[in-house]
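Only one structure is covered here, and it is reproduced in the block below.
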Amino acid sequence: MCELVKNETKIVSSQKILIFANRVKFYLSNMENLPLIEIAELNESIVDCDSFQNDFSIADVDGKDSTICENANPEYSTPMRLNALLMVLVTNGSAKINIDYIPYTIKTNSFITIMPTHTIQLITVSKDFKARILVASRAFLEECNPNKKGASMVHYMQIRKNPCSELLPEEARHLEDYIQYVREKTKLRTHLFQKEVIQNALIGFFLELANIFIGKKEHVTPPVLSRKEELFEQFLQLLFEHCKEQHVVTFYAEKLFITPQYLSLILKELTGKSANKWIDDALIIEAKMLLKAPQATVQQVADTLHFSDQSTFGKFFKKHMGISPMEYRKS
C-alpha cells in the first residue's frame, strides 16, 4: 500500500482541529459543486496521449510538464472529480495527492485507482515524475462487462477504500508492458472493430491486475466499512439485480430498511449522485446494451425494462441520451 503521508508529531490546537473539520464538512456538503472533469478535457492537458473518441485514453505523463512543482502552494490545486475511471502506474519520481481528502505520497511502482466516486486533489509533482495512465468512461467500462451481476461489485469497496497499492518491481514492469499493448490497440485507427479490440485488451489488463492484487493484503482483507458505506454497497447489489424492473427509490430504500430521503443523502455524500440518478444511469446502460441486439425491437426493449409503453421508454432514453432509441441503434 502506498505510504500514507504522516503529519509531523506536534500538538495541534483545538482551533486548528475545528478549522480542519469545518473544511472537510464544507467539501463533503459541496461535493456536487466540485469541478467534474471529462475525458476530452483531460486529453487536452496531456502532451503524449492516444485516445478512442471520448471514451478511452492512454497516455504518458511527465513531471517536467506539470505546473504544480514540489514547492507549489496546495491552495492553488483545486479538488475535483473525474467523470471516468483513472488508473495510474508511477514509473519514476513521486507526487503528493489527496484522495477523498486523505493525503498520500505516491512513488515509483505505485498503482493508483481513481474512481468517479473519488474526490482528488493534486498537491505536488516532482520534476522527475513519470507515469502511465489509463482513463475509461463509465459507459466504455460497462460495455466491457455485459454480465453486470452483483458479484462484479465484490471488490468495489476494497478498491475504493484502498486506492493506492505498492507493486513489486517485476509486477510494475509486467503491467507497464501490458499498458503498452493496450496502447498499440488504441492506435489501430483503421481497424473495423477498433472499439471491441481495445475493450478486449482492457479486459486482459484487468485480469492481469486482478492476478497481482489478489495477493495484496489490502485487497484480500475486507475493508472496515462505515454504516453508510455498507448501505451503499448493499444498494449497488440491489441495483444490479433489480434495475430492469424496479425504477423507484422507494423499492431500494425499503429493502435497506431506511427512508428514500436518507438513501439519497448517503449516495449524494459518497458519490455525488442521487438515488434517482443511479437508477436512471443503470437503466440507460441496460437499454444501450439491449438496443445493440438486432433481433430485439424497441418495444421489446421497453418491455424488458418494464416501461409502461414504447413512447414512455423513448422519452426517457432521449432525455438522457439526446437521441431516440432508433437513432442510437442506427449510430
Side-chain angles (χ1 to χ4, degrees), residues 2 37-67 82-95 97 99 106-116 118 120 122 125-146 155 159 163-214 216 219:
C2 289
I37 307 301
E38 302 289 344
I39 292 182
E41 185 178 351
L42 185 67
N43 288 344
E44 292 176 0
S45 63
I46 299 175
V47 177
D48 186 10
C49 177
D50 287 299
S51 62
F52 175 78
Q53 300 176 357
N54 288 323
D55 279 324
F56 180 75
S57 294
I58 192 164
D60 294 328
V61 293
D62 197 317
K64 66 183 181 183
D65 298 322
S66 175
T67 57
L82 184 66
N83 194 25
L85 174 72
L86 169 65
M87 292 169 287
V88 182
L89 174 63
V90 181
T91 57
N92 196 64
S94 64
I97 61 174
I99 303 176
I106 57 176
K107 53 189 179 182
T108 304
N109 298 334
S110 293
F111 189 88
I112 306 95
T113 306
I114 306 293
M115 295 182 170
H118 279 135
I120 59 173
L122 182 60
V125 177
S126 66
K127 287 297 182 182
D128 62 343
F129 180 83
K130 294 182 185 297
R132 311 204 82 176
I133 68 171
L134 298 92
V135 193
S137 70
R138 296 177 191 236
F140 195 80
L141 289 171
E142 291 292 348
E143 290 176 359
C144 287
N145 179 28
H155 299 296
I159 296 174
C164 293
S165 289
E166 186 173 333
L167 306 178
L168 297 174
E170 57 268 26
E171 294 172 336
R173 285 194 297 270
H174 180 62
L175 288 184
E176 186 175 5
D177 290 342
Y178 214 99
I179 291 172
Q180 182 59 35
Y181 170 76
V182 179
R183 187 166 195 170
E184 292 303 320
K185 301 303 179 184
T186 310
K187 294 179 179 179
L188 300 176
R189 309 294 184 191
T190 59
H191 199 294
L192 295 177
F193 304 99
Q194 186 190 14
K195 182 177 182 179
E196 288 76 13
V197 167
I198 296 172
Q199 287 175 329
N200 283 329
L202 189 58
I203 290 171
F205 175 75
F206 287 150
L207 292 174
E208 296 296 334
L209 196 60
N211 184 55
I212 291 173
F213 278 2
I214 201 166
K216 304 288 182 186
H219 294 285

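Since this is a predicted model, take the numbers as computed values, not measurements.
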Worked check of salt bridge (Lys or Arg N to Asp or Glu O under 4.0 Å) between Asp50 and Arg189: CA-CA 10 Å; Asp50 287 299; Arg189 309 294 184 191; 3.5 Å; yes
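- Around the CZ atom of Phe206, the shell of radius 6.0 Å holds more than 12 heavy atoms that belong to other residues, nucleotides or ligands.
- Side-chain N/O atoms of Glu176 and Gln180 include no donor and acceptor closer than 3.5 Å.
- Nearest heavy atoms, Val125 versus Gly63: CG1-CA, 3.8 Å.
- Put simply, the residue from Asp62, Thr91, Asp60, Thr108 that forms a side chain to side chain donor-acceptor pair (under 3.5 Å) with Lys130 is Asp62.
- Of all heavy-atom pairs spanning Leu175 and Phe111, the tightest one is CD1-CD1, 4.2 Å.
- Across all non-hydrogen atoms, the minimal contact from Cys164 to Ile99 is SG-CD1, 4.0 Å.
- Note that CD1 of Ile112 and CD of Glu166 are 11.0 Å apart. Values are rounded to the nearest 0.5 Å.
- Scanning all heavy atoms of the two residues, the minimum distance from Phe205 to Tyr178 falls at N-CE2, 3.3 Å.
- Closest approach of Ala172 to Leu167, counting heavy atoms only: CA-CD1, 4.0 Å.
- Minimum interatomic distance between Leu202 and Ala136 (heavy atoms only, all atoms of both residues): CD2-CB, 4.5 Å.
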Derivation and outcome, side chain to side chain contact (heavy atoms under 4.5 Å, CB included), residues Phe140 and Leu85: CA-CA 10 Å; Phe140 195 80; Leu85 174 72; over 6 Å; no
